[in-house]
Every structure is written in C-alpha cells, then in structure tokens.
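What follows is a set of notes on a single structure, which appears directly below.
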Protein chains: 2
Amino acid sequence: MAILLDSHLQCSECPIRHRAVCAKCSTDELGELTEIKTYRSFRAGEPIMWRGDPLEYVASVVGGVASLSKTMEDGRTQMVGLLLPSDFIGRPGRSEIEFDVTAATDVTLCCFRHRPFEKMVGTTPHLSQRLMELALDELDAAREWMLLLGRKTAREKIASFIEMLVIRSNVDGDAARSQMLELPLTREQIANFLGLTLETVSRQLNAMKKEQILEFKDRRRFKVLDFGRLHDETGDDSDGGVIY
Amino acid sequence: MAILLDSHLQCSECPIRHRAVCAKCSTDELGELTEIKTYRSFRAGEPIMWRGDPLEYVASVVGGVASLSKTMEDGRTQMVGLLLPSDFIGRPGRSEIEFDVTAATDVTLCCFRHRPFEKMVGTTPHLSQRLMELALDELDAAREWMLLLGRKTAREKIASFIEMLVIRSNVDGDAARSQMLELPLTREQIANFLGLTLETVSRQLNAMKKEQILEFKDRRRFKVLDFGRLHDETGDDSDGGVIY
DNA sequence: AGGGAATTTTGACACAGATCAAGCTATGGC
DNA sequence: GCCATAGCTTGATCTGTGTCAAAATTCCCT
C-alpha cells in the first residue's frame, strides 16, 4: 500500500515526514513507534519484498523510489503502484503481500517491525482510522489508473504520468510549476507502469520534446514548458503549413 | 467499494447474506443495524449514485449486478468494479464517491443510512477491522485488474473475465464446474470492463464458441466446456488438419 | 402476435502501438 | 581517461484491435 496523506510523524533521524501515522497520535505513541524502527537500504533494481513473502515489517520510504508490480509467467509485467518518499508500505491486518516490491532507484526505508506495529494499530483508533483512509486513497488511485490503462492513448498515458509527477513534486508547497523535474524511472519502467513498450515511451517523450511541450536537460531531468498542450492530440506537427 | 468476504449477516428479509459485517458482531449490534435499513430498487441502466454525490447510504447488493465506472469527457468509459449479490457499496469514513455506480441489470439494494452506519463502525472495532480487510481485498482485485488491462491480450481478458464469473458463482459451494452460467453484462458492458470494444468481445466469444471452449444456450447463458483451453493461444483453428 | 428498438454478429479496412533490428550515448568501474 | 554495459533513440515493418458499416437476431412493448 502506497500512502499519501497530510498528517505527519517527524522523527529525529528521518529527513522526511512519515505519512502513515495519525496527526492526533500522542507523543507517547510516537515514542513507542520510533523505538521499534530500523533503517534499510536497497540498490536500484534490488527486490525489497517478494510476492507471497511473510510481511516482516512495514515501512516509510525515506529516499528514492520503489515500485509495486505484478508479473506473468511469461515475463510481461505491470507496475501497480509507485512509492515515493514519505509513502508507506504495509497492509494493516495482513501478513502477506500480493505483489513484488522493488527498488526502482536506490532506496532507503524506515522500517517498523510488523508485529509491534500491528499491536499499536489495534490499540490506537486514530491510527487504524487513518490507515483506512489511506487504503481508500490507494483504491481511488488504482481505479484512476485502471481508466488510464484501459482507455487512454499512449500520448494521454504519458501526459497523465507527467501530470502525476508534477502533482507529487508539489508536496509541501505549490511552487512547482515549470520547475525542473526528474523522471524517477527508466523508459522501460515507465513502460511497465503505463502498459506500453519502452520504444513507444521513448517516441512519445521525444515527440513532446520536438513539440516544445517538454524540455530535457538530460535523459532524466526535464521541465514542462506548456501544460496546456500536455494532453493535446498528437500528430499535427504541421511544421510548415500548406504548400501551394 | 465492492466487498467479498466469508463473514455474514443474515437478516430476516434479505435473501442473501450480507458480507460487510463482522461475523463476531453481537446480535445487539445486528439489531441496531437492521433498524436503520431500507430497500431500494433500480432498473437496468439506472444510475444508483453519481460521482461527487454526497454518500447518503451504504448498501448491500441483494439482487442483480451493479457496476462502478469512470468516464472521460469524450465518453470513453472504464468499468472499475463489479458488484454482485452480497457485495457492499460504501466508503468507511468518506462522505463522497469518486466514480459512478450504475445498475447493470435490475438491482435491489439493502441500504443503511450513512451516518448511523458510520457511528456503528466507530464503536465496533470488529466491524472497522473487517471493513479494512475488505478494502484491502478490493485493492488486490484492482491491482490484478490493472495487470489485465495493461498487459493481457483480448483473448486473455475474456478468459480472465469468465474465470472470475466461475469463481464468483462458486460462492457457497464449489459445485460450479461445467454448470450453466450467466453473463451478467451486455457485450458493451463487458467491453467497458475489459478495456476493449464490443465488437472485439463479440468476436472473441464467438471464436471460443467455435473452438468448443464455450457453449451458448442464448446470448447470456453459457457453459464452459474446456477450462484447460480457456487461456490458450487463439488462431490455430486448424479445423481439418492437413489437406493432401 | 407484430413492429420497432436494442443488441449482437459479421465484414472490410485502418491505424496505433508492438516488434524486430541497428546504432547511439551516457554512465560507472577500473 | 577509457572501456563495457545498460539505457535510449530511431527506423522499418507487422499485427491486434479499433473503426465504420450493415445485416441478423433478440427483446420488449402495445
């Protein structure tokens, strides 16, 4: 479960605010939580948890990007979630996971052991209520993504993806318009997220560059020059007009 | 939220067992719940709740099939959930819905007013725990569907859809192999569920009929003749072998 | 029962995106 | 700094599914 919420738990060591904990929780409860925590780091590409694994800990992403994905026997894979810093990995009341969690970039997690965390959830109504809210947020996001996967064109998928990055980069402040952004994924990972091939992702991205909608500093860093035309029809590159 | 769970609440009037309520709940609690309930009926095609509507009641589907869907401005729609009898509609802690709920067939709902239900959730830990479990089930199902929408072929989509119907028909008993089943949706609705067009759905269904994998009694009722080949490659209709 | 609308089937064709195949360009390790 | 490798771009071609159109079937209403 990836979690996005406006509550916070700032512990001394973590550079981000944890979003999985209810803002109303008392400091005592926070203390109990921070006591059971440890850090874990993963290199880009490393598996974090595997489908069917027993769930030994829940975690907040402190740095980097992790992905949730499902893979078919023949290798086709579909990403079903992206975990950015401050997002939460965990399934309240569950002891197994149903998908693979992989480090997309180098990732640092702030982990809480599963059992104590569950116990705390059981005794903290605010927290369990908050977790329910988070699960429903996830569900809404998943459904929005189903619309994208089932009905949008390649161009629209890319546009939605970039829009999501813009929105997520606005966390703690709305100044992100036209600022430099980073694609946190390779072309192949983006393709797996959007239900496309890496070639199609590359072509669409370069088309938007040619159309002056995006500007690339390097393969990863870019800027949105024209939000209005992000969702435009493709084609129509009519770079000369009528020849008479 | 569509809900599928092995707990039950059998109230005197409803022909099905409600799945949204924790099996451990006391009869007092059930009594409180049944007091605030009413029935509502909808004709096939009628909207039940609309995106953005205030959530006035939560409900169990008693009869018929309802769908959750999202629609784009230009009319493209994607179904994001199917509600079969005993499934639950509701978003614990939320007062709005994020998608359209429509009666796919004639539908009867057993409704509980939102406020009293929420109050009861707040004072019944078992219930809220159970609802969390349901939300996570929904999330797992949504992610499975994302894999289908993003990566499966038309044939595979149809096969998965039929498989889902078989599994769901097995509720309360596992005798469903090879029994007569019903497509609860029109070709167009199936298409909207699978991210296809109605023509493609029709063609695939008829191909599977020609290949003797499915047998149709009429447009809606059918039987699965060969589960093994449900997921087979298409093509290879080689209906005679080599001509020499 | 009959007529009209809705649904489904079927065909011909188009096209978005996949696939296959080079070549290119960054990047990290030595 | 240089090489090896992973990542990316670009081109040519193919194909599964969409689109458009029309006919066939079923359903439902009077």
Side-chain angles (χ1 to χ4, degrees), chain A residues 43-46 72 74-78 103-106 148-159 161 182-211 214 216-222 232-237, chain B residues 43-46 72 74-78 104-106 148-159 161 182-210 214 216-222 232-237:
Chain A
R43 309 305 308 274
E46 262 190 282
M72 297 169 69
D74 64 2
R76 283 176 283 176
T77 87
Q78 176 64 50
T105 64
D106 291 352
L148 176 143
L149 291 171
R151 292 304 187 197
K152 293 191 182 176
T153 64
R155 160 64 71 112
E156 291 169 327
K157 287 178 175 181
I158 298 281
F161 178 63
E182 181 157 3
L183 290 176
L185 304 175
T186 66
R187 303 293 186 261
E188 187 176 21
Q189 291 167 331
I190 295 171
N192 284 339
F193 198 25
L194 299 177
L196 297 171
T197 59
L198 74 174
E199 292 96 329
T200 298
V201 170
S202 177
R203 278 187 250 266
Q204 291 292 340
L205 246 19
N206 284 88
M208 290 170 107
K209 178 173 138 194
K210 200 169 295 174
E211 292 171 36
L214 301 180
F216 282 85
K217 181 184 172 183
D218 59 31
R219 289 284 169 23
R220 293 297 193 97
R221 299 206 132 276
F222 71 100
D232 267 11
E233 324 297 325
T234 182
D236 244 331
D237 199 6
Chain B
R43 309 304 309 275
E46 262 190 281
M72 297 169 67
D74 64 2
R76 282 177 283 176
T77 87
Q78 175 64 51
T105 63
D106 291 353
L148 177 143
L149 291 172
R151 293 304 188 197
K152 293 191 182 176
T153 64
R155 160 66 72 111
E156 291 169 326
K157 287 177 175 181
I158 299 281
F161 177 63
E182 180 156 3
L183 290 176
L185 304 174
T186 66
R187 303 294 185 259
E188 186 176 22
Q189 291 168 332
I190 295 172
N192 285 337
F193 197 25
L194 299 176
L196 297 171
T197 59
L198 75 173
E199 292 95 332
T200 298
V201 171
S202 176
R203 277 188 251 266
Q204 291 292 341
L205 246 19
N206 284 95
M208 291 169 105
K209 178 172 138 194
K210 200 169 297 175
L214 300 181
F216 281 86
K217 180 184 171 181
D218 59 31
R219 286 293 176 4
R220 292 300 191 94
R221 299 204 133 278
F222 71 102
D232 268 10
E233 325 298 325
T234 181
D236 244 333
D237 200 8

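Residue numbers start from 1 in every chain, and the chains themselves are labelled A, B, ... in the order their sequence lines are given, proteins ahead of strands. Keep in mind that this is a model prediction, so the values were computed, not measured.
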Answer yes or no: is there a side-chain heavy-atom contact under 4.5 Å between A:Met72 and B:Glu156? yes
Among [options], which nucleotide has an atom closest to any side-chain atom of [X]?
X: B:Thr153; options: C:dG17, D:dT17, C:dT9; answer: D:dT17
X: B:Glu199; options: D:dG18, D:dC20, C:dA18; answer: D:dC20
X: A:Arg219; options: D:dC8, D:dT17, C:dT9; answer: D:dC8

Is the base of [N] touched by the side chain of [X] through a donor-acceptor pair closer than 3.5 angstrom?
X: B:Arg203; N: C:dG11; result: yes
X: B:Arg187; N: D:dT25; result: no
X: A:Arg155; N: C:dG17; result: no

Calculate the interatomic distance between [X] atom [atom1] and [N] atom [atom2]; express it in whole Å.
X: B:Arg151; N: C:dA18; atom1: CZ; atom2: C1'; result: 10 Å
X: B:Phe216; N: C:dT8; atom1: CZ; atom2: P; result: 11 Å
X: A:Leu194; N: C:dG17; atom1: CG; atom2: P; result: 12 Å
X: A:Asp218; N: C:dC24; atom1: CG; atom2: P; result: 21 Å
X: A:Leu198; N: C:dG17; atom1: CG; atom2: P; result: 15 Å
X: A:Asp106; N: C:dT27; atom1: CG; atom2: C1'; result: 14 Å
X: B:Leu149; N: D:dT17; atom1: CG; atom2: C1'; result: 15 Å
X: B:Asn192; N: C:dT7; atom1: CG; atom2: C1'; result: 14 Å

Classify the nucleic acid contact of [X] as base, sugar-phosphate or nothing, counting any heavy atom under 4.0 Å across all strands shown.
X: A:Thr197; value: base
X: A:Asn206; value: sugar-phosphate
X: B:Leu196; value: sugar-phosphate
X: A:Gly45; value: nothing

Here the pair of heavy atoms bringing A:Ala104 nearest to A:Leu185 is CB-CD2, 3.6 Å
Any donor-acceptor pair under 3.5 Å from [X] side chain to [Y] backbone:
X: A:Lys157; Y: A:Leu194; answer: yes
X: A:Gln189; Y: A:Thr186; answer: yes
X: A:Arg151; Y: B:Leu196; answer: yes
X: B:Gln78; Y: B:Phe193; answer: yes

Comparing A:Thr200 with B:Lys152, nearest DNA chain D nucleotide closer to 5' gives the residue A:Thr200
_So, OP1 or OP2 of C:dT9: does either fall under 4.0 Å of a side-chain N or O from B:Ser202?_
yes
Heavy-atom nearest nucleotide on DNA chain C taken for B:Glu188 and for A:Gly195; more 5' hit belongs to B:Glu188
